[in-house]
Amino acid sequence: MKKLFITCLLTAIASIACHAQAQPSTVCHDDGTVTFYYQNDSAREVLVDVQFAGRHKMTRDDSGRWTATLGPAAPDMYPYCFVVDGVSIMDPLCDQYFPNEGFKNSLLEIPSRGGSLLHDIRPDVPHGSVQYIHYYSKSLGATNQAVVYLPPSYMTDFQKKYPVFYLISGTTDTEEVYYKVGRVNYILDNLLAEKKAKEMIIVLPYGNPMKLLPKMPDNPMAMGDVFGNDLVGDLMPYIEKNYRTINNRDHRAIGGFSRGGNQALSCGLRHLDLFSYLCSYSSFTSTDIPGVYDNAADTNKKLHLFWLGIGTDDFLYGTGRDYMEFLDKKGIRSVKEFTSDKYGHTWMNAKYFLGKTLPLLFNKKASEEAMKNGQPAPAAKGDEKPFTPEVMARLFPKPIVSPEYTPQGTIFRMKAPEAHEVYLETEMTPPMAMTCDSTGVWSVMLSDFIFDTYEYCFNVDGTRMADPQNMYLSPSKGLKRSIAESPASPFSYASMKDIQHGTVSYDLNQGAGWYFSPMKEGAFAMPNMVRLVPGSDDTMESWFTVGGAAAIADRLIADGKLGAVVITTGDVNFGGMPMPQGFEVAELRADDYKTWGQRRRALFRLLTHLKPPKMPDMPFMPQ
């Protein structure tokens, strides 16, 4: 334990020193090369693993700083990580990260010149808003989640209704990936500014809703098409009830990347009464869908756009090409797009395909022209590798369950067969030694704080890292820790039944998050205003992602213990106007509390003691 304390102290001092020096962990050079830096004086070997170059060893100087220069690479966004003594970790100094159920990567952005990339965040372009939603799924019997993009005009033209594009991420991705990695919101913002696309709402569903169940059913196959049933039966009705949408097949599109492309095609082709625009990015789907492939004339009549894109260097290319050829033989029209310079099955391809398809959606003239010019599938060369269950098992091995919530306590696990010592570190407890089994899996049970919510990480031979198996990641500055929250907690979405939920949106310009409580139909109530001040290591997302501000408010409102409320992690203002006389804002500061459990309890007390607000004196309002 003394050795661990010294190691942790040295790690903390090194981290503080890195922040104090403001030393960036990546430096992009004019020639397209990138230098990677990583500070760790206790590591024996460090590699950098970046999508454009693969794994490369880093060299260490006398101060314990590891460096490597790789490339050149084209301007774009690339996932990367450091491999420290055989264990992959995120860059502790990088703010951007790849949301995922399993692997944990940081994001490197090699900038373009003059905002030439379609996904660039251009300051002179009107930006839409992004909202995080929760809804109760009757088909799932649990609360599900999604992200919704609203175009810039949505908040200014309250009479206008919009078509909807349902866009699904890939295997092990979360609902955030098309936003934080795929940059779909910025791509559409830029296309709209150039008048190259139609205005639309984009909905990003969570593609693996089975994972949200508190307990896996004994026979998962008996649940049928879990994703499709939730999308059509629960998410779509929620969207069409809560947003201004045009609700017919001519104004609905569905698409996705990898597994999401399979889900999009499967769901879209089985519901041609609901969708008329289908997009598949680096994927394919079943060739046995009744009434679709053997009825080409009817299928062609119903589809305004059937778009398929894949890289020739993608491991799915062989099977994807076969599917395209199958469509051709059946007489079903489609548009086909191929790339060969974007590293195969990657999000560089996913963004490129978005740029090609968004201008065609809900534009009958443009989509018909594209369909008319669609080319046949290229002939097979004979060296295409099929996608088999063995390939799937190699790419996506059976995950280790961590954390596992049991009545006796919470079990944490991680695989590190080469490690000498592994500890669990939480906000509330001293480091806890983990034990290793014969397969190289380390584990420990935490029997206290079962119903609490807290950040934690693993310490592997002196190197801190997030739990590779936990999809819930704290969006803090510096080291990104994992989040533990028991499904049995009263403020966990997993424990909530069929209640109404508010929305959370993030303003990147203001650097603030906003929660708006659910509104009762036909009723308006003056909301309480609450400002949650982030801690010194927090971001605008922390109070919502770790602090559970939205979930706590949703539960209290459903229980009749809280009225309408607006919660923000930024400054409260009214478009720059002075605060109305008599208007009060309740405030809670994260740094006044040591742990997130204490912060959540303080927020609960604050919300339950709010008094109904009085209508303030607002002289700027029309009389």
Peer 1: Identify, with sequence neighbours excluded, every residue that meets side-chain contact (heavy atoms from CB on, under 4.5 Å) alongside P378.
Peer 2: Y317, R321, F338
Peer 1: Sequence neighbours excluded, which residues qualify as side-chain contact (heavy atoms from CB on, under 4.5 Å) partners of E455?
Peer 2: E427, S474, R481, V546, W596
Peer 1: Taking T285 for the side chain and L265 for the main chain, is one N or O donor matched with an acceptor at less than 3.5 Å?
Peer 2: no
Peer 1: Is a side-chain donor or acceptor of S106 paired with a backbone partner of D91 at a separation under 3.5 angstrom?
Peer 2: yes
Peer 1: Looking at R244, I'd like to know if its CZ atom is crowded, meaning that more than 12 non-hydrogen atoms belonging to other residues, nucleotides or ligands lie closer than 6.0 Å.
Peer 2: yes
Peer 1: As a quick check of understanding, evaluate ring-ring contact (aromatic ring centres under 6.0 Å, His included) for H345 and F257, giving each step before the final call.
Peer 2: CA-CA 9 Å; H345 199 73; F257 172 71; 4.9 Å; yes
Peer 1: Looking at R55 and D49, is any side-chain nitrogen of the basic one under 4.0 Å from a carboxylate oxygen of the acidic one?
Peer 2: yes
Peer 1: Which pairs pass salt bridge (charged side-chain N to carboxylate O under 4.0 Å, His left out) with one or both residues in residues 66-83, sequence neighbours excluded?
Peer 2: D76-K351
Peer 1: Name the residue from Y80, W66, F82 that meets the ring-ring contact (aromatic ring centres under 6.0 Å, His included) definition with Y38.
Peer 2: F82
Peer 1: According to side-chain contact (heavy atoms from CB on, under 4.5 Å), who are the partners of R259, at least two apart in sequence or on a separate chain?
Peer 2: T171, N208, Q263
Peer 1: Does Y506 have any ring pair (Phe, Tyr, Trp, His ring centres under 6.0 Å) partners at least two apart in sequence or in another chain, and if so, which?
Peer 2: Y132
Peer 1: What I want to find out is whether D313 reaches K342 closely enough, with some N-O distance under 4.0 Å, to be called a salt bridge.
Peer 2: no
Peer 1: Tell me every residue that passes side chain to side chain donor-acceptor pair (under 3.5 Å) with H29, counting only those two or more places apart in sequence or in another chain.
Peer 2: T35
Peer 1: Taking all non-hydrogen atoms of both residues into account, name the closest pair between Y515 and G502 and its distance.
Peer 2: CE1-CA, 3.7 Å
Peer 1: Would you confirm whether D314, through its side chain, and G311, through its main-chain N or O, come within 3.5 Å as a donor-acceptor pair?
Peer 2: no
Peer 1: Would you check, one step at a time, whether the test ring-ring contact (aromatic ring centres under 6.0 Å, His included) holds for H501 with Y493?
Peer 2: CA-CA 10 Å; H501 298 279; Y493 285 114; 5.6 Å; yes
Peer 1: For the side chain of K104 and the backbone of Y97, is there at least one donor-acceptor N/O pair under 3.5 Å apart?
Peer 2: no
Peer 1: Salt bridge check, K161 against E240: does any charged N sit closer than 4.0 Å to a carboxylate O?
Peer 2: no
Peer 1: Assess the residue pair D230 and N144 against the criterion (side-chain hydrogen bond (donor to acceptor under 3.5 Å, both in side chains)); give the C-alpha distance rounded to whole Å, side-chain angles, the decisive distance to 0.1 Å, and a yes or no.
Peer 2: CA-CA 9 Å; D230 171 75; N144 205 343; 3.1 Å; yes
Peer 1: For T172, give me all partners under side chain to side chain donor-acceptor pair (under 3.5 Å), at least two apart in sequence or on another chain.
Peer 2: N100
Peer 1: Where do K180 and P99 come nearest, in terms of heavy atoms and distance?
Peer 2: CD-CG, 4.0 Å
Peer 1: Could you give all pairs that pass the ring pair (Phe, Tyr, Trp, His ring centres under 6.0 Å) test and reach residues 163-188, with sequence neighbours left out?
Peer 2: H127-Y186, Y178-W347
Peer 1: Cut-off 3.5 Å, side chains only: do Y149 and D189 have a donor facing an acceptor?
Peer 2: yes
Peer 1: Just how far is it from atom CG of L108 to atom SG of C94, taken to the nearest 0.5 Å?
Peer 2: 8.0 Å
Peer 1: Look at atom CG of D30 and say whether more than 12 heavy atoms of other residues, nucleotides or ligands are closer to it than 6.0 Å.
Peer 2: no
Peer 1: May I have the step-by-step check of ring-ring contact (aromatic ring centres under 6.0 Å, His included) for F353 and W307, ending in yes or no?
Peer 2: CA-CA 10 Å; F353 293 148; W307 199 98; 5.5 Å; yes
Peer 1: Answer yes or no: is there a donor N or O on one side and an acceptor on the other, between the side chain of T33 and the main chain of T69, under 3.5 Å?
Peer 2: no
Peer 1: What salt bridge (charged side-chain N to carboxylate O under 4.0 Å, His left out) pairs are there with at least one residue in residues 113-134, not counting sequence neighbours?
Peer 2: R122-E194
Peer 1: Could you give the distance from CG (L231) to CD1 (I168), rounded to the nearest 0.5 Å?
Peer 2: 6.0 Å
Peer 1: Who pairs with Y78 by side chain to side chain donor-acceptor pair (under 3.5 Å), at least two apart in sequence or on another chain?
Peer 2: none
Peer 1: Tell me, with the steps shown, if N105 and Q51 meet side chain to side chain contact (heavy atoms under 4.5 Å, CB included).
Peer 2: CA-CA 10 Å; N105 276 192; Q51 199 156 60; over 6 Å; no
Peer 1: Could you report the tightest heavy-atom contact between P359 and K196, atom names first, then the distance?
Peer 2: CB-O, 3.1 Å
Peer 1: For Y238, enumerate each residue passing the side-chain contact (heavy atoms from CB on, under 4.5 Å) test, keeping only those at least two apart in sequence or located in another chain.
Peer 2: I133, Y135, N242, Y243
Peer 1: Nearest 0.5 Å, please: how far is CD in Q39 from OG in S25?
Peer 2: 12.0 Å
Peer 1: With sequence neighbours left out, what residues match Y277 under side chain to side chain donor-acceptor pair (under 3.5 Å)?
Peer 2: none
Peer 1: Report the residue from T569, T568, D571 that forms a side chain to side chain donor-acceptor pair (under 3.5 Å) with R531.
Peer 2: D571
Peer 1: If you take all heavy atoms of H56 and L70, which pair is closest and at what distance?
Peer 2: CG-CD2, 3.6 Å
Peer 1: Applying side-chain hydrogen bond (donor to acceptor under 3.5 Å, both in side chains) to E199 and S153, what does each step give before you reach the verdict?
Peer 2: CA-CA 8 Å; E199 290 186 310; S153 68; 2.7 Å; yes
Peer 1: Locate the shortest heavy-atom distance separating L358 from I187; write the atom from each residue and the value.
Peer 2: CD1-CG2, 3.8 Å
Peer 1: Looking at L191, is its backbone amide N or carbonyl O close enough to the side chain of K195 to form a donor-acceptor pair, meaning the two atoms are under 3.5 Å apart?
Peer 2: no
Peer 1: More than 12 heavy atoms of other residues, nucleotides or ligands under 6.0 Å from NZ of K336: is that the case?
Peer 2: yes
